[in-house]
Amino acid sequence: MSRDELLVTFFQECEDQMEVVETGLTDLDSGDADDETINAIFRAVHSVKGGAGAFALDDLVEFAHKFETKLDLVRGGKLELDPALTNLFLRCSDMLADLISAASSGEEADHAAVAALVEELAVDEDEEEDVPDFTPTVMNLDIGLAPIDLSPKMKSFNITFCPKAEFYPRGNEATLLLRALAELGPCETVCDASQVPDLKDLDWEECHLIWKVTVETEAHQDEIAEIFEFAEADCDLEITEIQTDTAEAGPGDLPALSLPAGADSGDAPAGLDIPLPKASDADPDDTAVAADLPNPGGDLPADTDAAAKETAVPPDADKPAAPAPPAAAKPKAAPATGREAGGGKSAESATIRVGLDRVERLVNLVGELVVNQAMLSQSVSLSSMMNSDVSDGLDEFRRLTRDIQESVMAIRAQPVKPLFQRMSRIVREAAQATGKDVKLVTEGSETEIDKTVLERLADPLTHMIRNAVDHGLETQEKREAAGKPPEGVVRLIAAHRSGRVVIEIQDDGAGINRPRVRKIAEEKGLISPDEVLSESDVDNLLFLPGFSTVKEVSNLSGRGVGMDVVRKSIQSIGGRITLTSVPGQGTTLTISLPLTLAVVDGIVVEVADETLIVPITSVVETLKVQPDEAHAIDETSWTLQSRGEIIPLIDVGYELGMHDDRKPPHDRVAIVAGNEDGAQSAIVVDRVEDQRQVVIKSLETNYGDVPGIAAATILGDGRIALILDVERIVEGATGPTASGRARTKLEAAE
């Protein structure tokens, strides 16, 4: 394994360690911590320091050492943990994350900010005793490792494959396979034509050529087999590795490795995968010293540091040590995460690291499986040979397909906890910039959501959190005058509701000043002075492009890029956002998001002879519109009276330009959709055909943004169907909110 590969693994494991630090500090800040919490934080910072020292990341090592020293004083009882010290540790955690990010990207760190924090971390004279000095020693990764070279090994393989009669009719091509093999490394190809019969006996549908390839490559045998993944059933394939006479290095060939001075013998640089004997396993009569590499989370107690250094780093560490006796090889455990990593537990974590590209490929294959299952079901249902056995088999196939799809989606699902932890830092920075005392409270941080959705949620969530601190919360003086605690509270809540993930951002501030919002909207020409708007309509004016209530530009706000950008970002991932506010009590922003962006359950409908899909998560109910239930407001507007509610009706065909005039809703189907604020609207379609699971294909990536259309899919008969964005259709048809405009028209009619 090269140094660059080790660095990548180190930075990946730094993320795990920083999650432990952030979780522990959050517990300290909330008062839910115990003695083990500070120990877990210390071990995580110590592991980062030990690994950074091996790679000569001096800035990171120096700061981590200062941070670790202060933590050690707390866990040793020499410093009492108070809110001020907890706040310092939180800022140190932010700086440590910045230094890791800078080291990963090769950027320069903010040395002035680092120096200021280091000064705050300075140890008093009465605390200095027993604090060991730390001088990082760079681990030499290139010392005498020829017998166990860590670089990828070149191996040679013999590949023999002979196409069958089905090979070419099924779309395979030998030339493409040979070309893919040649990309793996130096390659020698021979075509064996010995099996080709005489011309008079030749059957043109049969394949007689045999291809023999010898390739020298770093790739594994499984990677070669993947090239033939879609052709393996249509050819005779044999892949064998050419064995060499090179003897494998034995344990006696291992030289001693130098460790960072001050590192515990239980610590190791992240990602280094060399099975070395531990000191405790070595023969006591052996004169060699066994050096352990750092193992994040597996530190020795603090009082054994000095002894560990004496035994772990011999004075002549640059010289190879005498051969050590072999130790029993242990299987490499996957990097531990969360509290398990920080807690230093010996149990192996039941997780593995998998490249995202592999998961994406699996998701795409499952999507194709769903499409093919739908095609097969439709083809068989139209066949006259349909019988109970075939029907039962198709039902079982459909069930298995759904189970596979749900399992694959679960692989992509990740808890929102890391994102929520990032928001803790945003709150601290915003509070410092505004001079306010703010506390962040999180709930439901273990709620899982698709990784793609999670990544694209970070920016809009950051903007809303800053808005909550800057605009939502009052200053301490105003809060005390209003009878509120001087410390403002921002709540970040996540939960699963009705097949979607709902995230709420709440603040206990002054709420929205609706008269001021309306006045600004009138001044900007966004609404007319005589327009009748409900409270909800006024609140939604905040989502209009360029709307801002801030008079002065600051680091946090006032640049005209506001909630409209947030709404577009949320809508781009299939979500919707609503806002509610109570004057004097606070404001709540609610984001509703799909669990995944890959597959969705939908209702297949027909509009103007076109097939469309309505996501079932948007649907409250479907009903056939009876003549006595539909009421005309004017020549082009209709409402539906259902269960004592007046629901506006939107003609999908007209809104999407499929026909020129709005058609009466009588004897058509209304699909009622609900908003997060409880308001309902109904889109009118010609008829409902079916309910099925469909694979989402992005239109924005492959074509462009189409108002009212969320994505596209492939139906069982191979046709393309558009997936509707019900909320955008409702908004585009009736203004800021469907219910608000409908109420306005009803009031005018009365």
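- Looking at heavy atoms from C-beta onward, Thr447 lies in side-chain contact with His496 at the 4.5 angstrom threshold.
- Looking at every heavy atom in both residues, Leu724 comes nearest to Pro615 through O-CD, 3.4 Å.
- Using a 4.0 Å cut-off between charged nitrogen and carboxylate oxygen, Glu689 and Arg687 count as a salt-bridge pair.
- Val605 places none of its side-chain heavy atoms less than 4.5 Å from the side chain of Thr611.
- For the pair Cys235 and Pro163, the tightest heavy-atom approach, listed with the atom from each and the gap, is CB-CA, 3.8 Å.
- The closest donor-acceptor contact from the side chain of Asp192 to the backbone of Ile210 lies at 3.5 Å or more, if one exists at all.
- Separating the CD atom in Glu19 from the SG atom in Cys14 is a distance of 13.0 Å, to the nearest 0.5 Å.
- Two residues are said to be in side-chain contact when any heavy atoms from C-beta on lie closer than 4.5 Å; Thr175 and Arg179 meet this criterion.
- With Phe157 as the partner, the side-chain contact (heavy atoms from CB on, under 4.5 Å) test is satisfied by one option alone out of Thr214, Ile242, Ile239: Ile239.
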Original post:
Can Ile100 and Leu60 be said to form a side chain to side chain contact (heavy atoms under 4.5 Å, CB included), step by step?
Top reply: CA-CA 7 Å; Ile100 292 172; Leu60 183 54; 3.8 Å; yes
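- At least one side-chain heavy atom of Val614 sits less than 4.5 Å from a side-chain heavy atom of Val619.
- The 12-atom threshold is not exceeded at CD of Glu188, counting heavy atoms of other residues, nucleotides or ligands nearer than 6.0 Å.
- Rounding to the nearest 0.5 Å gives a distance of 9.5 Å between OG1 of Thr401 and CD of Glu396.
- For the atom pair Glu241 CD and Ile159 CD1, the distance stands at 11.0 Å (nearest 0.5 Å).
- Phe397 is listed as a side-chain neighbour of Leu369, based on a closest heavy-atom distance under 4.5 Å.
- The environment of CZ in Arg399 is crowded: more than 12 heavy-atom neighbours from other residues, nucleotides or ligands sit within 6.0 Å.
- Considering all non-hydrogen atoms of both residues, Leu181 and Val215 come closest at O-CG2, 3.9 Å.
- Side chain of Thr217 to backbone of Leu184: a donor-acceptor contact under 3.5 angstrom is found.
- Distance alone, capped at 3.5 Å, places no donor-acceptor pair between the Glu206 side chain and the Asp203 backbone.
- Listed by chain and number, the residues in a side chain to side chain contact (heavy atoms under 4.5 Å, CB included) with Pro197 are Asp201, Leu202, His208 (sequence neighbours excluded).
- Rounded to the nearest 0.5 angstrom, Ile671 CD1 and Thr622 OG1 are separated by 6.5 Å.
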**OP:** Check the pair Leu454, Val416 against side chain to side chain contact (heavy atoms under 4.5 Å, CB included), reporting the backbone distance first and the verdict last.
**Re:** CA-CA 7 Å; Leu454 191 64; Val416 298; 3.8 Å; yes
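- Nearest heavy atom pair, residue Ala608 against residue Asp686, reads N-OD2, 2.8 Å.
- Atoms CE and CG, on Met658 and Leu656 in that order, are 5.0 Å from each other to the nearest 0.5 Å.
- Note: Phe161 and Trp211 have parallel aromatic rings, judged against thresholds of 30 and 60 degrees for the angle between ring planes.
- Within the 4.5 Å cutoff, the side chain of Val604 has heavy atoms near those of the Ile613 side chain.
- Counting non-hydrogen atoms of neighbouring residues, nucleotides and ligands closer than 6.0 angstrom, the NZ atom of Lys212 reaches no more than 12 such neighbours.
- Closest of all the heavy-atom pairs between Leu209 and Cys191 is CD2-SG, 3.9 Å.
- We find the NZ-CG distance between Lys164 and Leu237 to be 10.5 Å, quoted to the nearest 0.5 Å.
- A salt bridge between Lys155 and Glu223 is absent, with no side-chain N of the basic residue lying under 4.0 Å from a carboxylate O of the acidic one.
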**OP:** Applying side chain to side chain contact (heavy atoms under 4.5 Å, CB included), run through Glu13 and Thr9 and close with a yes or a no.
**Re:** CA-CA 6 Å; Glu13 296 191 359; Thr9 304; 3.9 Å; yes
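- A heavy-atom distance below 4.5 Å is not found between the side chains of Ile723 and Ile709.
- The closest donor-acceptor contact from the side chain of Ser105 to the backbone of Ser101 lies under 3.5 Å.
- Ser569 and Arg456 are not linked by any side-chain donor-acceptor pair at a separation below 3.5 angstrom, with hydrogens and angles left out of the test.
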**OP:** List the steps, then state whether side chain to side chain contact (heavy atoms under 4.5 Å, CB included) holds for Ile570 with Leu593.
**Re:** CA-CA 8 Å; Ile570 298 299; Leu593 298 162; 4.3 Å; yes
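- Residues Leu612 and Glu606 fail the side-chain proximity criterion, which asks for heavy atoms closer than 4.5 Å.
- A donor-acceptor contact shorter than 3.5 Å is absent between the side chain of Asp601 and the backbone of Ile616.
- A salt bridge links Lys451 to Glu455: one of the charged nitrogens lies within less than 4.0 Å of a carboxylate oxygen.
- Heavy atoms only, all atoms of each residue included: Leu57 and Phe11 are closest at CD1-CZ, 4.2 Å.
- Screening Thr462, Leu457, Ile503 for a side-chain contact (heavy atoms from CB on, under 4.5 Å) with Leu419, the sole residue that qualifies is Leu457.
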